[in-house]
Amino acid sequence: MSTTPNLTPPLIPDAELLALGEGRHSGPHGVLGQHLLDPTDAVGDTAAPVVLRVRRPLAESVTVILATSGERVTLSHLAHGIWQGTHIHGLDDYQIATEYGDGVEHLEDDPYRFLPSIGDLDLFLIGEGRHERLWEVMGSHVREHWGTHEAVAGTSFTVWAPHAAAVRVVGSFNDWDGAKHAMRRLNEGGIWELFIPGVSAHATYKFQILTAEGVWIDKADPMARHTERPPHTASVIASTNEYEWNDSDWMNRRAATDPHNSPMSVYELHAMSWRPGLSYVELADELIEYLDQTGFTHVEFMPLAEHPFGGSWGYQVTGYFAPTSRLGSPDELRYLIDRLHQAGYGVLMDWVPGHFPKDSFGLARFDGQALYEHPDPRLGEQLDWGTLVFNYGNSQVRNFLVANALYWLEEFHIDGLRVDAVASMIYRDYSRNEWLPNADGGREYYEAIDFLKEVNATAYKLYPGIVMIAEESTSFPGITRPTDWGGIGFGLKWNMGWMNDNLRYISRDPIHRSYHQGDLTFSFVYAWSEQYMLPISHDEVVHGKGSMWTKMPGDDWQKAANMRAFYGYQWGHPGKQLLFMGQEIGQPNEWSEERGIDWWLLENPTFAGIQRWVSDLNQLYRDTPAMWELDNDPAGLQWGSADDAGHSVITFIRRDRSGGELLCVYNFSNSALDDYRIGVPTGGAWREVLNSDDLRYGGSGVVNPSDLLTDSAMPLQGHAQSLALRIPPLGATFLKPID
C-alpha cells in the first residue's frame, strides 16, 4: 500500500520573508533554494518531496524547470517577493523561469541551491589565523562549483565581516541591486559566502554590509585581486591565473643563493612616473634596456598594491592583494617581473603593513566597527599620515597581512619585500599625542613585533633566496637577527643613520669638512651591528628636501664631482646600495610623481657623466666580490686611514672570502693630492680600476694611468707596504693589486 507524500511546507514567519525580500537575511540558504520536506529522506532519493523557494520581486509568474526530468514546477507567491512550490522528484539541478508581464520568460540559475564553496578546513585555519594561502579561498574566484548532479561555472564570493548583521554582493551582474544576492554567514567567526552561477571574470562588484546599527555601507573587497582604475573604487573579479612563467632558471638560482651576501645594487623607482604613460608591458622593454645600461642588479618598485590617491605614491593602500590597475592587469605585472627575471634582474617591492587610509570604501570600520584597525584610537590612529593602524593582536588581521606578504612572493615571484615604516609599528607612542603602554608599562608594541617575526620567519621558510628588508629608523636591537636567536628576523635593514650623517657631511662646503670627519666615519662603528642597506631613497629627495644635486655645495662642476665622490663612497662602504630614480643622472629638480624624470638632462655632458659613473660603479661592483661578499662580516674591511681630517681623506681595503682586495680612496676636499702615501697589505703592483675624476665622467683628469708599485721600506697605517698615488679633488679612486 503506497502512502501519499507530505507536500505541506512549514510556515515561514512574515518577518523572515520580509528579511529575505529586502536582502538582509543572514542565512538565506536556509530558506531559499531547495530543501527536503522530510529531513530523513536520502539526499540522492529521486522520489523525495522537496520544497523550492526563490526571491523574485515584481514577478507575475515563477516556474522552476528541473534538469533531470525537464518537469516544470509552478511556484506561488508567499509575500515580499518570495515564491514557493513543491515537487516529489528529489533534489535536482534546476533553472528558474520568471515572467514579469512582458511576455518574455527569463531563465536564470539559482545561487541558493549550492553548498558552500569554502571547506571546513579552510574555515578552521581562518578561525585560527593560520591560513597561509588566504587569497585562494577569500574574495572572489571564478570556478566551477558542483550543484546536485553537475558542475556549474560562476564566481564564489567570501568575506570576513564578524560584526555585520547581513552582507550581500552588489555588482555589474545584478544591476548593483544587492538584495538579489544576500550572502550566508557560515560561522561565528563572521565568514560570509555566496556562489553566483554565470558570473565571470572582469565583472565589477562590492560588498554591501548591514552594520549592527542598521546602516548599509558599500565596501570594496579586501581580498580583491584586481580593481577598477582609480578614481573608481569597485573591485574586479580577476581572471583565473593561467600565466605561464618562463623564469625557472632565475627561480632555481635564487633558491640556492644567499641574498644577504650577494651583490645587490638597487634602483628604486615609482613605476607610474619613471617614464609616465608606460604600462607594465611597455615598462618591460624600456626598463630592462635601462638596467642593461646602468648595471643595477635589482629594481625596487614603490608600492604596487592598489591605492586611491596617486600622491601617496602607493603608501596608503586600499587593495592589498590587487596590483594597481593604473598600469594594467595582474598578468601584465607578472609579465614585467618575468621579463626582468629572464634578463637577470631581481625585483623588490615596497610593502605597507603598518597603516591604511580612512577612505570609506576601504578597510576602515569595514563592517561598521573597528575590524582591521585597533579599536582604541591610542593604538589605532597614526597622526602624521592621517591613517589607521592595523590591530596586530587580532589573529585574523595578522593572518590577512602574513598571507598578503606570501601572496606577492608566490603569485608574482617577487624576490623581496621592503617593509615600510617599521618604527611606526614597533613603538606604541610613534606619532601619537596619547598612547597606550604595553602590559609592562613600556612603549614597545609586542603584538606588532610578534607579527613581524611571524611574517619574516614564514617568508624565509617558504621562499628560499628571498630577502625581507626593514625601513627602520631607530636603534631597536635585533632587527636583522634571526627569530630563533631572539631577533625580528629581517634580512636587511635600511641604514638611516648612515644616510643622515653622510648627507649632512656631503652638504657642507669642503672647507668645513675637516671639522666633521666623524660624520663620515661614524657608521663604521656600528656597520656590523645589523645587516645593512645604504639608502638614498625617494624620502631624501621630496617634500622640500631637494634633489641630491641641490644638496651638493659649490658650482656645477663641484656639485657633479661631489656627487660622483659620494656615490663612490656609498658603493665602497659595507652594505647593499639603493639609489632612487633620477639621482643616477644628477637631476637638479626635486622629484614629483606628476612630472617624472628630467631625461633631457642627459644631453648635457655633466649629467651624462654622472650616469656613466654610476654605470661603471655598478659594473665594478658586480665584478668585484670584495665589494659585497663580506658585507656582513668585519673581516671584509681593513682600515687604511680614517683620521686624515686635515685633507678630508679616508682609505680602506675591502676583501672577499678568497682574499681578493680592493683599495678604496676618497678625497672630499677641493684640492688634488700628489704622491699621497697609503698603507696597503699586499706588496707589488696596484692598478687603478676606476676614478671618478676621469674626463669621461666630467672630471678634471687627475688619474693614475700607470701601475703603482708598493714600497716595503715605508710601512704605514699598520701595513707592511705603502704606495703613493695621485688623489683627485672631490674624488673616489679604486685600485686592485695585480696578480
Side-chain angles (χ1 to χ4, degrees), residues 118 122-141 157-164 167 186-187 189-193 207 209 219-227 235 238 303-307 315-323 349-359 361-367 369-375 379-380 382 387-412 414 417 419-421 425 445 447-459 462 468:
I118 183 171
D122 291 316
L123 291 172
F124 172 78
L125 291 173
I126 293 169
E128 294 290 304
R130 295 191 292 112
H131 203 304
E132 293 178 349
R133 301 179 75 88
L134 194 65
W135 67 91
E136 294 184 343
V137 295
M138 299 293 288
S140 62
H141 291 273
F157 297 87
T158 314
V159 67
W160 178 54
H163 304 122
V167 182
L186 292 177
N187 59 13
I191 302 298
W192 300 75
E193 182 273 346
F207 293 116
I209 296 175
K219 291 288 187 176
D221 182 357
M223 301 291 298
R225 290 167 294 129
H226 195 26
T227 70
S235 303
L304 294 176
E306 195 60 88
H307 49 283
Y315 291 99
Q316 295 193 12
V317 178
T318 50
Y320 273 81
F321 289 80
M349 188 185 82
D350 285 6
W351 184 51
V352 193
H355 63 116
F356 58 91
K358 297 179 179 179
D359 297 71
F361 70 91
L363 297 179
R365 296 184 63 84
F366 183 76
D367 57 4
Q369 301 180 36
L371 183 62
Y372 288 90
E373 67 270 40
H374 197 284
L379 279 182
Q382 219 290 342
T387 52
L388 300 173
V389 178
F390 283 103
N391 183 4
Y392 303 106
N394 183 293
S395 60
Q396 280 75 33
V397 173
R398 196 166 58 247
N399 191 174
F400 172 84
L401 292 171
V402 172
N404 184 241
L406 303 183
Y407 169 76
W408 290 102
L409 299 173
E410 173 70 27
E411 296 290 334
F412 292 91
I414 295 289
L417 298 172
V419 182
D420 182 63
M425 300 169 64
Y445 197 163
E447 294 87 345
I449 292 169
D450 287 343
F451 155 68
L452 290 170
K453 291 179 178 180
E454 180 182 356
V455 72
N456 287 326
T458 305
L462 295 179
M468 299 293 288

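Taken from CH2 in W351 to CG in L304, the straight-line distance is 14.5 Å, to the nearest 0.5 Å. Taken from CD in E136 to CD1 in I118, the straight-line distance is 11.5 Å, to the nearest 0.5 Å. Going from atom OG1 of T158 over to atom CG of L186 covers 7.5 Å, rounded to the nearest 0.5 Å. Atoms CD and CD, on E306 and Q316 in that order, are 13.5 Å from each other to the nearest 0.5 Å.
In this structure Y407 satisfies the ring pair (Phe, Tyr, Trp, His ring centres under 6.0 Å) test together with W135, F321, F412, sequence neighbours excluded. Residues passing the ring pair (Phe, Tyr, Trp, His ring centres under 6.0 Å) test with W192: none are found, sequence neighbours excluded. Applying the salt bridge (Lys or Arg N to Asp or Glu O under 4.0 Å) rule to D367 yields no partners; only residues at least two apart in sequence or on another chain are considered. Partners of D450 according to the side chain to side chain contact (heavy atoms under 4.5 Å, CB included) rule, which considers only residues two or more places apart in sequence or in another chain, are K453. Every side-chain hydrogen bond (donor to acceptor under 3.5 Å, both in side chains) that E454 has, sequence neighbours left out, goes to R398. Qualifying salt bridge (Lys or Arg N to Asp or Glu O under 4.0 Å) partners for D420, counting only residues two or more places apart in sequence or in other chains: R418. In this structure, E373 has no salt bridge (Lys or Arg N to Asp or Glu O under 4.0 Å) partners at least two apart in sequence or on a different chain. For F361, the side chain to side chain contact (heavy atoms under 4.5 Å, CB included) test picks out K206, A220, T233, P308, T318, D359, with sequence neighbours left out. When the side-chain hydrogen bond (donor to acceptor under 3.5 Å, both in side chains) test is applied to H226, no partner is found at least two apart in sequence or on another chain. Applying the side chain to side chain contact (heavy atoms under 4.5 Å, CB included) criterion to V317, with sequence neighbours excluded, gives A305, Y320, V352. Applying the side chain to side chain contact (heavy atoms under 4.5 Å, CB included) test to Q382 and every residue at least two apart in sequence or in another chain returns D384, W385, T387, V389, S424, Y430, S431.
Inter-residue side-chain proximity for I191 and M138 is flagged as met; some heavy-atom pair is nearer than 4.5 Å. Side-chain atoms of L462 and L409, non-hydrogen and from C-beta on, never get closer than 4.5 Å to each other. Side-chain atoms of L379 and Y445, non-hydrogen and from C-beta on, do get closer than 4.5 Å to each other. Inter-residue side-chain proximity for I209 and V159 is flagged as unmet; no heavy-atom pair is nearer than 4.5 Å. Considering only heavy atoms from C-beta on, F390 comes within 4.5 Å of L363 through its side chain. You'll find the side chain of T458 reaches within 4.5 Å of the side chain of L406, heavy atoms only. Put simply, the side chain of R225 reaches to within 4.5 Å of the side chain of H141, judged on heavy atoms. V455 places none of its side-chain heavy atoms less than 4.5 Å from the side chain of V419.
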Open item on the list: side chain to side chain contact (heavy atoms under 4.5 Å, CB included), that's the test. Do H355 and L388 meet it? Break it down for me.
Closed with: CA-CA 5 Å; H355 63 116; L388 300 173; over 6 Å; no
Open item on the list: Using the rule given for side chain to side chain contact (heavy atoms under 4.5 Å, CB included), can you reason through N187 versus I126, listing the C-alpha separation, both sets of side-chain angles and the distance that settles it, and then say yes or no?
Closed with: CA-CA 11 Å; N187 59 13; I126 293 169; over 6 Å; no
TODO: Go through W160 and F366 one step at a time and tell me if the side chain to side chain contact (heavy atoms under 4.5 Å, CB included) criterion holds.
DONE: CA-CA 9 Å; W160 178 54; F366 183 76; over 6 Å; no
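Not one N or O on the side chain of S235 forms a donor-acceptor pair closer than 3.5 Å with the backbone of A224.
The shortest non-hydrogen separation linking D221 to G139 is OD2-CA, 3.1 Å. Closest non-hydrogen pair, R365 versus A370, comes out as NH1-N, 4.0 Å. The nearest pair of heavy atoms linking Y315 to P303 is CZ-CD, 3.4 Å. Among all heavy-atom pairs drawn from W408 and A322, the shortest one is CH2-C, 4.3 Å. Counting all heavy atoms, side chain and backbone alike, G129 lies closest to N399 at C-OD1, 3.3 Å. Here the closest heavy-atom approach between residue M425 and residue A448 is recorded as O-CB, 3.1 Å.
Each salt bridge (charged side-chain N to carboxylate O under 4.0 Å, His left out) pair with one or both residues in residues 401-411, not counting sequence neighbours, appears once here: R133-E410, R334-E411.
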